[in-house]
Structures are given as structure tokens and as C-alpha cells.
Number of protein chains: 2
Amino acid sequence: MPKVGMEPIRRAALVKATITEIGRTGSLDVTVSKIAKRAGMSSALAHHYFGSKEQIFLAAMRHILTLYGAEVRGALAAADGHEERLRAVVRASFGTGSFRREVAGAWLNFYVLAQTQADARRLLSVYQRRLKSNLLHDLKPLIGERADVVALGVGAMIDGLYIREVLKGGTPDGAAAANLVWGHLRREMGVAA
Amino acid sequence: MPKVGMEPIRRAALVKATITEIGRTGSLDVTVSKIAKRAGMSSALAHHYFGSKEQIFLAAMRHILTLYGAEVRGALAAADGHEERLRAVVRASFGTGSFRREVAGAWLNFYVLAQTQADARRLLSVYQRRLKSNLLHDLKPLIGERADVVALGVGAMIDGLYIREVLKGGTPDGAAAANLVWGHLRREMGVAA
DNA sequence: GTTTATGTTGATTGATGAGTCAATAAACTT
DNA sequence: AAGTTTATTGACTCATCAATCAACATAAAC
């Protein structure tokens, strides 16, 4: 029953199915057919809308980044003062939108993809830059020139916790992870203040 | 010119070629033929010695872990006292044997592999456990019950720095990375002492 | 109501790559 | 020197998949 205006619906379904599928199998070795099937359509239709598997992957990556960006923006809007803002950024990084098995699993695989695909690399560096600039904005006034190093460390720690989350089974505990990073940050700030 | 006693040589060559190849292409999507070619033999021979691509990957992973283990052991042997030992562990993690583009790239891909292969997962958890126990051994006497959390944070930070190393081009700076982590650790210890 | 744009799929193509096998050759054994 | 074990490869099989295409169906436009 082909209605008109299916495109955005199909695209969204494919993106969602892609993330699920990559998260499930834990690898980029997912077939377009599998993705399409999970999204409730034929593989031909997936190609019709996206043109290639590569484009599907990129769309999925963009979607995750958009999600994360929204989460951060939302948390920041409700935060006041440097410390609170920092805390908001950290908490948003482990929010329920991003810090989930499938999403984190997909995320890890996008890191791999970024090694070979220029577009994926670009998207990833957008994320890294944004995180760093968010941190620096509120760290600089608090600890001055050491902010740079601390931001790098915090970024690495967050990525590392994502990886570990993917590997260890069970339900992810975003609050615990956020507390860990926040504790680290507080200590870094306390020393300099 | 078939001599006898080739097996260990061929195996070693294949392992080395595998790491290089994975590091280069930045993905597990390397063909046995490519690996074999780089190691100077036919793909049939690679299968003859390892049986399957999976086994080749696992051997490569084991090799990296052995390398890393040796590095840590060596550094620990020359270290005295809790603080020095901790420093040694951190420095060994970013030693020239492990903290190199290809090796780190292969490492990242093995994380991915661990999501689907039980054996790979086991190997990875051996590494994580060993690192954690190394850290705890000297952290506990210094900061008591907080040691657990700190060890987790340090481990995550190390992993995160590896990932970032892979993504950013250029020559890796192990010393800088080690300093970053060491600074974090020192601060954690200073607060409690 | 015929044309045009959109939605949809089954079948097909073409490439690629893991793993097998038969065959060859050199080295050791007895 | 006949037989056995180890080393080695080119050629082959078989499966998988990305991408394409022809065909058909429904809705909108004229």
C-alpha cells in the first residue's frame, strides 16, 4: 500500500535499524538486507533511499551525534555557573540517550569506520571538538592554562568508559560513570582553586 | 626451497603481518591473502598453519598482549616503592612496544572483535584484569578503599588515549600520554595522603 | 483518464574472499 | 632407495552481498 511521503519515515526506520543491528552484532559486518529487514522493507528500497551502505552508516552516525548534541544542549540550558555547567556536560555524556549498549556498541564501531572513511572521521572530530570546547569554556575560568590538559584527560576517560561499557555485559550505569568522571574533575579543580 | 622447521617462522611472520595489515587498513576487513602476501607466502599456507582467519587474529592479539605484559614486567622490575611502581605501570602502558599507530589500531579492532568472539573477549579481560590488579596492588596501600574507583578511572583513561591516538594522525607521543595519566594519579593520591 | 512522480520488490549480476584439495618438492628416516 | 613427513602453491568451490534493473502499484497532476 504505497502512500506518498514515505521517505522520511523509511529513512528514520533504516537509521534506527542500523544502530540496533550494529550494536547487536557488535560489528560493521551487517548486511543491508538485515538492516532493511529489521526496518521492515526490502534491501532494494534501502538502496533506493540511501544509495549505498556507506551513506546508511553515515546517516546513523549523524543521528547518534544529533542525539548526543541535543542531550548536552538540554542539560546546559538548565545549568548555571561554571561548575554546574561542567557537571551537566559530564552527565549528558552518560545520559540514557547515548549511554546504552547498542548505541555505545555502534559508537565503538564508528570509531573503526573513521579510520577508513573521511566523512566518518570528520563527524567524529566534530564530536571531539564540541566536547572539548564545552569543557574548556567552563574550565578555563576555573583552572586557567591547565584546562587544556584536563579537558583532554576527561575526554579520554569518557571514551574509555564507553568502550568498557560495551565489553562488560549487563545494564549500563550512567550515573556511576558520570560520578567517576565528575569526581576526577572536581579534584582537578579543587587543587587549582 | 622447502626447508624443515619453517612453522614458527611462518607463524611469527603471519602474526606480524596481521598486525601491520589491520593497523594500516584500520579494520578487521583484511583478507587472508593480503596478510599472507605481506608475510611472503600464499594464502593456502596461512590456512595450513592457522586453520582459519579467526585463529590468525587471536594469535595476533595474544602477541600484542605478550608484548605489553613483557613491557610492564620489565618496568616493574626496575621500580621500587608504591609510587614508583605505579609510575612504571603507567609508563609501560605507553611504551614504544604498544603505543604505536599500527598496534593501537589493531588494538582498537580487537575491542570490536571481542564483541563477537568469546576467545577474544577472554583475552581482553585478561589484559583488563592484569592492569587493574597491578594498579590496585600499589594504590590500596596509598589511598585505601578509594583505590578501586581510581583504578577504574585510570584504566578508562588509558584506553581512551589509545583510541584518540589511533584517530589523530602524526607520531604518537607516549611520554605526553603517560604524563597526563600520571598527573591524574598523583593528584588522586595527593588528596588522600 | 492519461501522464507523471513516488513507492516497492524479486530476481539478477558481478565481485570478492574463506577454506579445500590435489599435486609437487625438498628434507629426514630406516 | 623407498617411504614418510613437512613445506608449498595454483586452481577450484561455494557462499555471501552490494548494487542494479525491470516490473508493477498507487497516488497526484493536468
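Protein chains get the first letters and strands the later ones, always in sequence-line order, with residue 1 at the start of each.
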Chemist: Output every pair passing ring-ring contact (aromatic ring centres under 6.0 Å, His included) with a member in residues 63-93 of chain A, not counting sequence neighbours, ordered by first then second residue.
Modeler: A:Y68-A:Y127
Chemist: Where do N or O atoms of nucleotides 1-5 of chain D meet protein N or O atoms at under 3.5 Å, pair by pair?
Modeler:
none

Chemist: Tell me every residue that passes salt bridge (Lys or Arg N to Asp or Glu O under 4.0 Å) with A:R101, counting only those two or more places apart in sequence or in another chain.
Modeler: none
Chemist: Can you tell me which residue pairs pass the ring-ring contact (aromatic ring centres under 6.0 Å, His included) test with a partner in residues 9-49 of chain B, sequence neighbours excluded?
Modeler: none
Chemist: Among residues 112-124 of chain B, which ones have heavy-atom contacts with DNA chain D below 4.0 Å?
Modeler: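 Here the set is empty: none.
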Chemist: Who passes ring pair (Phe, Tyr, Trp, His ring centres under 6.0 Å) against B:F94, sequence neighbours left out?
Modeler: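 In terms of ring pair (Phe, Tyr, Trp, His ring centres under 6.0 Å), with neighbours along the sequence ignored, B:F94 is linked to B:F99, B:Y162.
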Chemist: Under the salt bridge (Lys or Arg N to Asp or Glu O under 4.0 Å) rule, collect the residues that match up with B:D173, sequence neighbours excluded.
Modeler: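 Not a single residue meets the salt bridge (Lys or Arg N to Asp or Glu O under 4.0 Å) criterion with B:D173.
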Chemist: Contact list please: residues 12-41 of chain A against DNA chain C, heavy atoms, distance less than 4.0 Å, in numerical order.
Modeler: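 Heavy-atom cutoff 4.0 Å gives A:M41.
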Chemist: Could you check which residues of residues 42-58 of chain A get a heavy atom under 4.0 Å from DNA chain D? Sort them by number, please.
Modeler: A:A44, A:H47, A:S52, A:K53
Chemist: So, using salt bridge (Lys or Arg N to Asp or Glu O under 4.0 Å) as the criterion, who are the partners of A:R10 when residues are at least two apart?
Modeler: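 Residues passing salt bridge (Lys or Arg N to Asp or Glu O under 4.0 Å) with A:R10: none at all.
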Chemist: Under the rule for salt bridge (Lys or Arg N to Asp or Glu O under 4.0 Å), what residues qualify as partners of B:R122, not counting sequence neighbours?
Modeler: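 B:R122: salt bridge (Lys or Arg N to Asp or Glu O under 4.0 Å) contacts with B:D119.
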Chemist: Tell me the salt bridge (Lys or Arg N to Asp or Glu O under 4.0 Å) pairs involving residues 29-50 of chain B, sequence neighbours left out?
Modeler: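 Listed by first then second residue: B:E21-B:R38.
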